[in-house]
2 protein chains.
Amino acid sequence: MSALRPTDAGLALLRVLWALGPGTIREVHRAWERERGTVAYTTALKLLQVMHDKGLVVRDTSRRSHVYAPAHDQQVVQGSLVTDLVNKAFGGSTVELVLRARSDRRIHADDPARIRALPDRLEEDPR
Amino acid sequence: MSALRPTDAGLALLRVLWALGPGTIREVHRAWERERGTVAYTTALKLLQVMHDKGLVVRDTSRRSHVYAPAHDQQVVQGSLVTDLVNKAFGGSTVELVLRARSDRRIHADDPARIRALPDRLEEDPR
DNA sequence: CCAGATCAACGAAGCCCTTCGTACCTCTGG
DNA sequence: CCAGAGGTACGAAGGGCTTCGTTGATCTGG
């Protein structure tokens with residue numbers, strides 16, 4: 001049960017993969033450039049290979065153009081990152097993080113209602 | 001308005017400083033070892049110097065034993081880290097992060113009530 | 001069959017973070 | 001005055017991340 005902490009660049013690529021679904025390196029590269037500007041093709045390639053070594057992505061090498069896909073659901077990785085931040089910056093208290101997030105100025109006007117509408121107890125939460 | 005993103009080690013030291021208040025390197029080093037195990041004194045020294053260069057801590061060098069203190073409130077730094085994570089992993093949506101945090105298994109049994117008790121609107125929040 | 005396009009692999013460079021050893025300064029007790 | 005304790009500064013090593021150029025293999029149109 002390792003940590004599951006993608007780096008910044010790795011996370012950016014994971015976000016591309018989550019949005020795109022499985023894709024070739026070229027497809028991922030193109031989508032990535034659409035968000036980040038010009039990046040060498042081999043940079044995306046290398047990064048995907050590194051992430052594969054770390055178990056963050058899976059790949060299908062049966063065809064010439066390898067197809068990469070996320071190894072974990074977005075929500076699982078997000079949860080891991082949140083837990084990590086909670087441990088490092090909030091002394092393990094998720095409540096403290098939520099409190100801090102709620103006072104974030106970037107929150108949208110209609111968002112408080114959405115937050116409030118969420119279930120309170122974890123046991124009632126499906127996934 | 002720069003980013004204000006302490007590294008992992010830097011954040012650990014900041015937590016020591018927030019708990020201790022202003023302190024000499026030796027004091028910080030001792031408190032740090034209490035949590036992290038054996039670390040060289042010069043490691044704490046160097047790290048504090050680096051953080052000073054980054055503007056994360058302030059120091060008083062008028063005495064022989066320099067006294068270091070956090071440059072920012074804990075809540076400010078926490079907010080910056082949360083905002084950073086929101087941007088990198090949640091597409092800028094604080095709501096998504098809160099949702100994910102709420103489904104974190106580590107949350108305590110009585111915590112949902114505490115979360116619910118928090119104010120909904122930012123404008124009503126003092127500090 | 002060949003030229004050019006497409007592709008994965010590899011290695012290296014550059015950067016930052018972390019850690020520590022060493023050097024040098026300053027103070028203090030005897 | 002001197003030895004040693006206690007202090008800061010400095011530089012370097014080691015590791016990880018990110019980026020890319022180069023190489024060599026494979027496919028495809030003509």
Side-chain angles (χ1 to χ4, degrees), chain A residues 2-17 22-69 77 81 84-85 88-89, chain B residues 2-17 22-69 77 81 84-85 88-89:
Chain A
S2 60
L4 205 56
R5 293 174 232 274
T7 62
D8 285 8
L11 183 56
L13 231 49
L14 276 178
R15 289 182 65 77
V16 168
L17 280 175
T24 64
I25 300 175
R26 189 146 309 272
E27 291 166 344
V28 172
H29 174 237
R30 271 199 259 269
W32 196 25
E33 276 195 326
R34 227 167 286 137
E35 299 176 356
R36 283 233 169 176
T38 302
V39 181
Y41 166 83
T42 53
T43 299
L45 165 65
K46 179 69 156 188
L47 192 42
L48 284 170
Q49 287 172 344
V50 169
M51 285 198 289
H52 178 255
D53 290 344
K54 293 179 182 173
L56 289 170
V57 297
V58 293
R59 63 175 172 184
D60 173 6
T61 59
S62 63
R63 302 190 194 181
R64 189 157 100 96
S65 296
H66 298 179
V67 173
Y68 284 78
V77 175
L81 290 170
D84 200 47
L85 183 60
K88 290 190 306 190
Chain B
S2 60
L4 204 58
R5 291 174 234 275
T7 63
D8 285 7
L11 183 55
L13 233 47
L14 276 178
R15 288 183 65 77
V16 168
L17 280 175
T24 64
I25 300 175
R26 189 147 307 274
E27 290 166 345
V28 172
H29 173 237
R30 271 199 259 269
W32 195 26
E33 277 196 325
R34 226 167 286 138
E35 299 176 355
R36 284 233 167 178
T38 303
V39 181
Y41 168 83
T42 52
T43 300
L45 165 64
K46 179 69 155 187
L47 192 42
L48 284 170
Q49 287 171 343
V50 169
M51 285 198 286
H52 178 255
D53 290 345
K54 293 179 182 172
L56 289 169
V57 296
V58 294
R59 65 176 172 182
D60 173 7
T61 60
S62 63
R63 302 190 192 182
R64 190 155 98 92
S65 296
H66 298 179
V67 173
Y68 284 77
V77 175
L81 290 170
D84 198 47
L85 183 59
K88 290 190 306 189

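Naming convention: chains lettered A, B, ... in sequence-line order (proteins, then strands); numbering from 1 in each chain. This is a predicted model, so every value here is computed, not measured. Values below: every heavy atom of this structure, side chains too, minus hydrogens, waters and symmetry copies.
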Rounded off to whole Å, could you give me the [atom1]-to-[atom2] distance for the [X] and [N] pair?
| X | N | atom1 | atom2 | answer |
| --- | --- | --- | --- | --- |
| A:D8 | C:dC16 | CG | P | 14 Å |
| A:H52 | C:dA8 | NE2 | C1' | 13 Å |
| A:L13 | D:dT19 | CG | P | 10 Å |
| B:D60 | D:dT8 | CG | C1' | 15 Å |
| A:H29 | C:dC7 | NE2 | C1' | 13 Å |
| A:M51 | D:dT19 | CE | C1' | 14 Å |
| A:L45 | D:dT19 | CG | C1' | 12 Å |
| A:L48 | C:dC7 | CG | P | 14 Å |

Quiz item: Taking OP1 and OP2 of D:dG21, is either one under 4.0 Å from a side-chain nitrogen or oxygen of A:T42?
Solution: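 False: A:T42 side-chain N/O out of range (4.0 Å or more) of D:dG21 OP1/OP2.
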
Quiz item: Is there a side-chain polar atom (N or O) of A:Q49 under 4.0 Å from OP1 or OP2 of C:dA8?
Solution: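 A:Q49 to C:dA8 OP1/OP2: no side-chain N or O under 4.0 Å.
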
Quiz item: Could you walk me through whether A:L17 and A:L48 pass the side-chain contact (heavy atoms from CB on, under 4.5 Å) check?
Solution: CA-CA 11 Å; A:L17 280 175; A:L48 284 170; 4.2 Å; yes

Find every protein N or O atom lying less than 3.5 Å from an N or O atom of nucleotides 4-7 of chain D, and list the pairs.
from, atom 1, to, atom 2, distance (Å)
D:dG6, N2, B:R64, NH1, 2.7
D:dG6, N3, B:R64, NH2, 3.4
D:dG7, OP2, B:R26, NE, 2.3
D:dG7, OP2, B:R26, NH2, 3.0

What nucleic acid atoms does [X] come within less than 4.0 Å of, heavy atoms only: base, sugar-phosphate, or nothing?
| X | value |
| --- | --- |
| B:V50 | nothing |
| B:R59 | sugar-phosphate |
| B:T7 | sugar-phosphate |

Quiz item: Has the side chain of A:R15 got a donor or acceptor atom that lies under 3.5 Å from a matching backbone atom of B:A89?
Solution: yes

Quiz item: Judged by atom type as modelled, is there a donor-acceptor pair below 3.5 Å linking the side chain of B:T24 to the main-chain atoms of B:E27?
Solution: yes

Just the table, please: protein N/O against nucleotides 11-13 of chain C N/O, every pair under 3.5 Å.
from, atom 1, to, atom 2, distance (Å)
C:dG11, N7, A:K46, NZ, 3.4
C:dG11, O6, A:K46, NZ, 3.4

Exercise. Not counting sequence neighbours, list each pair that qualifies as a ring pair (Phe, Tyr, Trp, His ring centres under 6.0 Å) and has a residue in residues 44-69 of chain B.
Key: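 Found none.
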
Exercise. State the NZ-OG1 distance between A:K54 and A:T7, to the nearest 0.5 angstrom.
Key: 5.0 Å

Quiz item: Can you name the nearest heavy-atom pair linking B:A12 to B:W32, along with the distance?
Solution: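 Closest pair (atom of B:A12, atom of B:W32, distance): CB-NE1, 3.9 Å.
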
Quiz item: Any idea which heavy atoms bring B:L47 and B:G10 closest together, and the distance?
Solution: CD2-N, 4.2 Å

Quiz item: Are side-chain heavy atoms of B:L56 and B:L4 found at a separation under 4.5 Å?
Solution: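 Touching, per the 4.5 Å side-chain cut-off.
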
Quiz item: Are B:L11 and B:L81 close enough, and set up right, to give a side-chain contact (heavy atoms from CB on, under 4.5 Å), and what steps lead you there?
Solution: CA-CA 10 Å; B:L11 183 55; B:L81 290 170; 3.9 Å; yes

Quiz item: Which of these, A:H29, A:E35, A:R36, sits in a side chain to side chain contact (heavy atoms under 4.5 Å, CB included) with A:E33?
Solution: A:H29

Quiz item: Relative to the 5' end of DNA chain D, which residue comes earlier, A:L47 or B:Y68, by the nucleotide with the nearest heavy atom?
Solution: B:Y68

Quiz item: Given D:dT18, C:dT18, C:dC17, which nucleotide is nearest the side-chain atoms of A:A9?
Solution: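 That would be D:dT18.
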
